[in-house]
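For ligands, and for the atoms within them, numbers begin at 1 and follow the listed sequence.
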Amino acid sequence: MLTTRPRGTNDLLPGEIEKWQYLEGVLREVAELYGYQEIRTPIFEHTELFQRGVGETTDIVEKEMYTFLDRSGRSLTLRPEGTASTVRALLENKLHAGALPVKFYYIAPMFRYDRPQAGRYRQFHQFGVEVFGAAEPGLDAEVIAMMLDIYGRLGLKDLRVELNSVGCSDCRKVYRAALQEHLKEKLLELCPTCQGRYKKNPLRIFDCKSRQCQELVADAPTITESLCPACREHFSRVQEYLKELQIPYHLNPYMVRGLDYYTRTAFEIVAEGIGAQSSIGGGGRYDNLVEECGGPPLPGIGYAMGMERILLALEKQQVKLPLSRRQTIFLAALGKEAQKAAAVLAQELRQRGLSAEWDYQGRSLKAQLKTADRLGAVFTVIIGEEELQKGTVLIRKMQESRQESLPLEQVGSYLEKECGKGVSEDGAGTMEREKTGAQDSKN
Ligand code: AMP
């Protein structure tokens, strides 16, 4: 127990974390290119927010939420997704009060009590964006283009865009009736959860994981047939934009997505050939959600990508990420005085923007050089007691096994030059990074 993490969670460790940092860098960069600002909301919210926001009859709310009472008896829930929290933050902080639209992105852990398997976890991470205050179809196409832009920059291939329109509340009333009519005779064959959904929200039957329910809706009428003229027009304009942007897509009239708040455009990006958990991102429009959460009528659209799944897809597709590794300088000190000199020199090197480590334990030179090797040090500075009295040290370039003697006070500027970097004006230097492949960084 004490040494086992909870089921469905992961430790992100050195060797793997470099990929996360790279991924986060790309996500942040692209988000900014498209004009999004970062938002960070609490990990837990009032349970009601998700019940109302995500929908009472969704799998997430019915089966998957981590809900608990705090010490004052309030019901709180670890967020299972990012949209409801973003809407709450928008309203609470009146972020919609100025010019519209407003565009936010987040990178955050999410929590769902789902059945864990490769690509499906109980704590996972999403990158997501939300735009409020624009209802036009050009934006729908742009968010899909942005997702593909991200995947493309990462090097993912063989992606499929699945597209649907789930209509507005008017279309949905018509569709609901059509669906209920279709399932009327088969009601008892549905799983107990879906029997409940039949009355309250039959659309949710589409994302039931039971095979029997899946088969019962396989030949159901599609929502496309129930779209009102305005939703039909919106959907066809989204498709015109996608064609203009040369984005191929597959219409999937049965894709309703697992959250209740979607209206009109819904989409999912599927990575072919990566296994059962192939959805690497999805989203849609939610033109009624802000109002349902107690705000003004304000259209919205967003998506979320599963970061674990992106990394899994990259691995499956054997994409080598251009990971960087910081060069390190090791200071080997022999004797108490030398150790003090090493402590001072390490600080100086770091001030110059160089990564430096020294041996705190006063071990033998051989042991210290071994550590330098293990750390992959590019240079080792050997500070010996005798040389120190003369004010000099030995500098060894590790790859070349070449060493030279240098006055201690020149070591900083020498290494700074050797490591090929300049100190920026504010003194906070940036060290040149060594480019290595994803494989190398595993060491
Ligand atoms: P959703 O919030 O359900 O629309 O999911 C958006 C994306 O998050 C999906 O396309 C997946 O990539 C990812 N995702 C959803 N649930 C999980 C999970 N349990 N574990 C890992 N990734 C997930």
Inset, instruction - If you have a sec, work out which protein heavy atom is nearest atom 6 (C) of ligand 1 and how many Å separate them, to one decimal? - result: Gln126 NE2, 3.4 Å
Legend entry - Single hit among Phe104, Tyr303, Tyr34 for side chain to side chain contact (heavy atoms under 4.5 Å, CB included) with Val129: Tyr303
Legend entry - Check: Phe127 and Ile310 side chains under 4.5 Å, non-hydrogen atoms: no
Inset, instruction - Given side chain to side chain contact (heavy atoms under 4.5 Å, CB included), test Val378 with Met398 step by step and report yes or no. - result: CA-CA 5 Å; Val378 277; Met398 300 300 276; 5.9 Å; no
Inset, instruction - Provide, to 0.1 Å, the distance between atom 4 (O) of ligand 1 and the closest protein heavy atom, together with that atom's residue and name. - result: Arg257 NH2, 2.2 Å
Legend entry - For atom 20 (N) of ligand 1, the protein heavy atom that lies nearest, with its residue and separation: Tyr121 N, 3.0 Å
Inset, instruction - Before giving the answer on ring-ring contact (aromatic ring centres under 6.0 Å, His included), spell out for Tyr22 and Trp20 the whole-Å C-alpha distance, their side-chain angles and the decisive distance to 0.1 Å. - result: CA-CA 5 Å; Tyr22 175 79; Trp20 283 82; over 10 Å; no
Inset, instruction - Just jot down the ligand 1 atoms closer than 4.0 angstrom to any heavy atom of Ile280, in number order. - result: 10 (O), 12 (O)
Legend entry - Minimum-distance protein heavy atom relative to atom 13 (C) of ligand 1: Gly306 CA, 3.5 Å
Inset, instruction - Within a distance under 4.0 Å of any heavy atom of Gly119, pick out the atoms of ligand 1 and give their elements. - result: 20 (N), 21 (C), 22 (N)
Inset, instruction - Have a look at Gln117, Met305, Arg112 and point out the one with the heavy atom closest to atom 15 (C) of ligand 1. - result: Arg112
Legend entry - Polar contact flag for Ile60 and ligand 1 (N/O pairs, less than 3.5 Å): no
Inset, instruction - Under the salt bridge (charged side-chain N to carboxylate O under 4.0 Å, His left out) rule, what do Glu272 and Arg160 come out as? Steps first, then yes or no, please. - result: CA-CA 7 Å; Glu272 317 259 15; Arg160 195 173 71 240; 3.1 Å; yes
Inset, instruction - Scan side-chain atoms only and decide if Gln123 and Tyr66 contain a donor-acceptor pair under the 3.5 Å cut-off. - result: no
Inset, instruction - Report, in ascending order of atom number, the atoms of ligand 1 lying under 4.0 Å from any heavy atom of Ala304. - result: 6 (C), 7 (C)
Legend entry - Min heavy-atom dist Arg120 to ligand 1 below 4.0 Å: yes
Legend entry - Per-residue contact class, Glu268 against ligand 1 - non-hydrogen pairs under 4.0 Å: neither
Inset, instruction - Could you tell me whether some N/O pair between Glu81 and ligand 1 is separated by less than 3.5 angstrom? - result: no
Legend entry - Worked verdict on Arg197 versus Asp59 for salt bridge (charged side-chain N to carboxylate O under 4.0 Å, His left out): CA-CA 11 Å; Arg197 288 168 169 175; Asp59 262 7; 2.4 Å; yes
Inset, instruction - Flag the pair Phe206 / Met255 as yes when at least one side-chain heavy-atom distance between them is below 4.5 Å, and no otherwise. - result: no
Inset, instruction - Please work out which of Tyr113, Phe124, Tyr303 has its closest non-hydrogen atom nearest to atom 14 (N) of ligand 1. - result: Phe124
Legend entry - Pairs satisfying salt bridge (charged side-chain N to carboxylate O under 4.0 Å, His left out), at least one member in residues 228-249, at least two apart: none
Inset, instruction - Could you list which atoms of ligand 1 come closer than 4.0 Å to a heavy atom of Ser279? - result: 9 (C), 10 (O), 11 (C), 12 (O)
